[in-house]
Structure formats: structure tokens, C-alpha cells
Protein chains: 2
Amino acid sequence: MKKKSTPSATRLFFARNLKATRERLGLSQEALAEIAELHRTYVGSVERGERNISIDNIECLAKALGVSPASLLEESA
Amino acid sequence: MKKKSTPSATRLFFARNLKATRERLGLSQEALAEIAELHRTYVGSVERGERNISIDNIECLAKALGVSPASLLEESA
DNA sequence: GTGTGACTTCTAGTCCGTA
DNA sequence: ATACGGACTAGAAGTCACA
């Protein structure tokens, strides 16, 4: 766990959408991390809403999941 | 100028949408920066697609403009 | 009112381990 | 396969002087 302070709403939406989309595709965090070229533990941390992820990595993850970056930020995914 | 390397597509969409939305509201970069509680030059730099902005600041700017964070990432805004 | 380079501070992001 | 901690490095955050 790295971040606690102010888990912004958007960050939490992203976390939930990321996890939901990943599981829908039957991917593990490890597998997703490898596709997105990010680290295993980092992806897990993002899914827990602990990280203030940057736009480039949002795009990386969105691409890895085959969805649009915008869709991962929506409240009602 | 800060960033050259790989201006990701999403970053550029965000940059364009941010600028377009701001101008539609008749705000200057300075004014938007003040509302979003960010620095003038930082906002300008983001609008030029030079910064790999994080999700928290995306939310800040989206709120300042009265739009959803997701809408600022869409290609056809 | 905006563009830009340089700069410092702080955290995003990596990698090791352990559970 | 996932969570979490510690320690580290890369890079985002944030500011300024000047154009």
C-alpha cells in the first residue's frame, strides 16, 4: 500500500472498471501487467485505488484490455 | 517544453479537449488554473500535450470545467 | 495571455521479499 | 494468483524567469 490520502472518485472508478474488465477477459493481474508492460505489483495497487496513475499508463492498460481509455473512467461501467 | 518522447494518443486527445472546452467557456489558461488550483504554466503545458498528467489532476481539471473526466479523454469530443 | 527551459520536490512505478 | 511492505529509480508535480 502506497497511497491513502485522498482517493479521488475518478481513481476509484478507474480501479473498479479496470478490475471488472480484466476479470471479464479472464486475465490475471500478472497477465495484464505483462501485456501492458507494467509491473505486476503496480497493477494490483492500481486496482485497489491506491495509485494516482498517469494518463499514459491509463492508455497502456486500456489498450491491453482492448477498451477505450475514456470507458475506464466512467462511473457506471 | 517538457516532454517529447512518445506523446500518447490519449494525452493528445486530452490536451485538445481541455483546450476546446476551456475556450468554449471563455476561460483563459490562467483562469482555469486558478479554478483547478493548479499553476498557470502547468495547465498550458498540459494543453500542449507535453505532460503525462495523472488521473487526479485530470479530475481536477474536469471538475473545474464542469465536465466528466471521461469526456476529456474521448477522441471525438 | 501564452510558450519554453530549467529547476526542485515528491510520488509514480520497479523490484525485492514475505505472506 | 493476489496483497502488502521496504527500498530504490524514473519521472510527474509544481514553480520561476524570460521570451
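Numbers restart at 1 for each chain; the letters A, B, ... are given by sequence-line order, proteins then strands.
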Task: salt bridge (charged side-chain N to carboxylate O under 4.0 Å, His left out) partners for B:R48, two or more places apart - done: B:E50
Task: Sequence-distant partners of B:L27, side-chain contact (heavy atoms from CB on, under 4.5 Å), two or more places apart - done: B:R22, B:L25, B:A31, B:I35, B:L65
Task: base_contact_polar (C:dG3 base, B:R40 side chain, donor-acceptor, <3.5 Å) - done: yes
Task: Close residues, residues 22-30 of chain A, relative to DNA chain D [heavy-atom separation under 4.0 Å] - done: A:R22, A:S28, A:Q29, A:E30
Task: N/O (side chain, B:Y42) to phosphate O (OP1/OP2, D:dA13) under 4.0 Å - done: yes
TODO: Check for a donor-acceptor pair, side chain of A:D56 on one end and backbone N or O of B:N52 on the other, with a separation under 3.5 Å.
DONE: no
TODO: Grab the CG-P distance between B:L61 and D:dG14 for me, whole Å please.
DONE: 10 Å
Open item on the list: In this structure, how many angstroms lie between the P atom of C:dA12 and the CD1 atom of B:I53, rounded?
Closed with: 13 Å
Open item on the list: Less than 4.0 angstrom between a side-chain N/O of A:T41 and OP1 or OP2 of D:dC4, yes or no?
Closed with: no
- [ ] Apply side-chain contact (heavy atoms from CB on, under 4.5 Å) to A:A15 and list each qualifying residue two or more places apart in sequence or on a separate chain.
- [x] none
Open item on the list: Using OP1 and OP2 only, check whether a side-chain N or O of B:N57 sits under 4.0 Å from D:dA13.
Closed with: yes
Open item on the list: If the cut-off is 4.0 Å, is B:R51 near the phosphate of D:dA13, judged by side-chain N/O to OP1 or OP2?
Closed with: no
Task: Residue list, side-chain contact (heavy atoms from CB on, under 4.5 Å) with B:T10, at least two apart or on another chain - done: A:I55, A:E59, A:P69, B:S8, B:L73
Task: Whole-Å gap separating P (D:dG14) and CD (B:E37) - done: 10 Å
Task: Atom-pair distance (CD on A:E47; P on D:dC4), nearest Å - done: 12 Å
- [ ] Can you tell me the distance, in whole Å, between the CD atom of B:E50 and the P atom of C:dG3?
- [x] 8 Å
Task: Gap separating the OH atom of B:Y42 from the CD atom of B:E47, nearest 0.5 angstrom - done: 12.5 Å
Open item on the list: In this structure, how many angstroms lie between the C1' atom of C:dC10 and the CG atom of B:D56, rounded?
Closed with: 14 Å
Task: D:dA10 OP1/OP2 closer than 4.0 Å to side-chain N/O of B:N52 - done: no
TODO: Would you kindly give the NZ-to-P distance between A:K19 and D:dT2, to the nearest whole Å?
DONE: 8 Å
Open item on the list: In whole Å, I'd like the distance from the NE2 atom of A:H39 to the P atom of D:dA3.
Closed with: 16 Å
Open item on the list: Enumerate the side chain to side chain donor-acceptor pair (under 3.5 Å) contacts for residues 30-40 of chain B, please, sequence neighbours excluded, ordered by first and then second residue.
Closed with: none
Open item on the list: Using OP1 and OP2 only, check whether a side-chain N or O of B:R48 sits under 4.0 Å from C:dG3.
Closed with: yes
